[in-house]
Amino acid sequence: MKYINIHTHTLVEAQNELHVFNHIVGKDTTFSKYFSAGIHPWHVDEKNLDGQLAKLRELVSQANCVAVGECGIDKVQGPDMPTQEKVLREHIKLAIEFNKPLVIHCVKGFQELLKCLKAEKFAGNFIMHGFNSPIEIAFPFLKMTNCYFSFGRALIQDGSNAEILIKMLPLDRVFLETDAKEINIKNIYDAAIVINSISELVITEQIISNYKKVFVNGLN
Ligand SMILES: [Zn+2]
């Protein structure tokens, strides 16, 4: 049985884990077998943006790069909004060109995110990673059938927004992840199993099926 972890910054896989390592352009030098590549809003280098974008394109074109991101909008940390929107739109263009899903980081910038997706007429799949926002925020995204939600450590906190949302979402819109946290992906699966009162077999098989539908490569 494989526990798919769609977003981690930890290189080594745990037992029975199959992960997508998130390589941050401008910060990381490492990769694991399957990775996503993006310029995180915190790591946008405005003096070398063209260089970062060229590096990003080179990485996204590789077969083992299974998704574009994490990328997105962060209103708490990072450059000004026009710069962040420009960088996000470059990621969206690459996702379209290479037909790969987007992994989205979004802190308080949901309107800007929707605006950028619309401006680029993005119709591919995207994943709101580490989602733990109030349900009202999720509503416009729920209506978009190309949007998926990935939940992490917040599932372990009683009464979190993530706990409320995973209970009401159809499981075919759900992914699980560890992100930058020192936690085993199995603990996140265990939390989802308890919250949704489902078996381990049901959730692991569902997420494998979701992975095959959304990601381009990486299940072998
Ligand atoms: Zn991350």
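Residues take their numbers from the sequence shown, with the count starting at 1. Whatever order the structure lists them in is the order used to number ligands and atoms, beginning at 1.
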Pair F215 and F175, ring centroids less than 6.0 Å apart = yes

Any ion pair linking K2 and E17 (charged N to carboxylate O, less than 4.0 Å)?
->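 Between K2 and E17 there is no salt bridge, as every charged N stays at least 4.0 Å from the carboxylate O atoms.
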
According to the interplanar angle, ranging from 0 to 90°, do the rings of F141 and F126 count as parallel (below 30°), tilted (30 to 60°) or perpendicular (above 60°)?
-> perpendicular

Can you tell me if H7 has an N, O or S atom under 2.8 Å away from the Zn ion (ligand 1)?
->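 It does; at least one qualifying atom falls short of 2.8 Å.
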
So, is H40 placed with an N/O/S atom under 2.8 Å from the Zn ion (ligand 1), counting both backbone and side chain?
-> no

Residue pair M128 / C106: nearest heavy atoms and the distance that separates them = CE-CB, 4.3 Å

Give, rounded to 10 degrees, the angle between OE2 (E70) and OD1 (D179) as seen from the Zn ion (ligand 1).
-> 170°

Using only N, O or S atoms, tell me which atom of H9 is closest to the Zn ion (ligand 1).
-> NE2

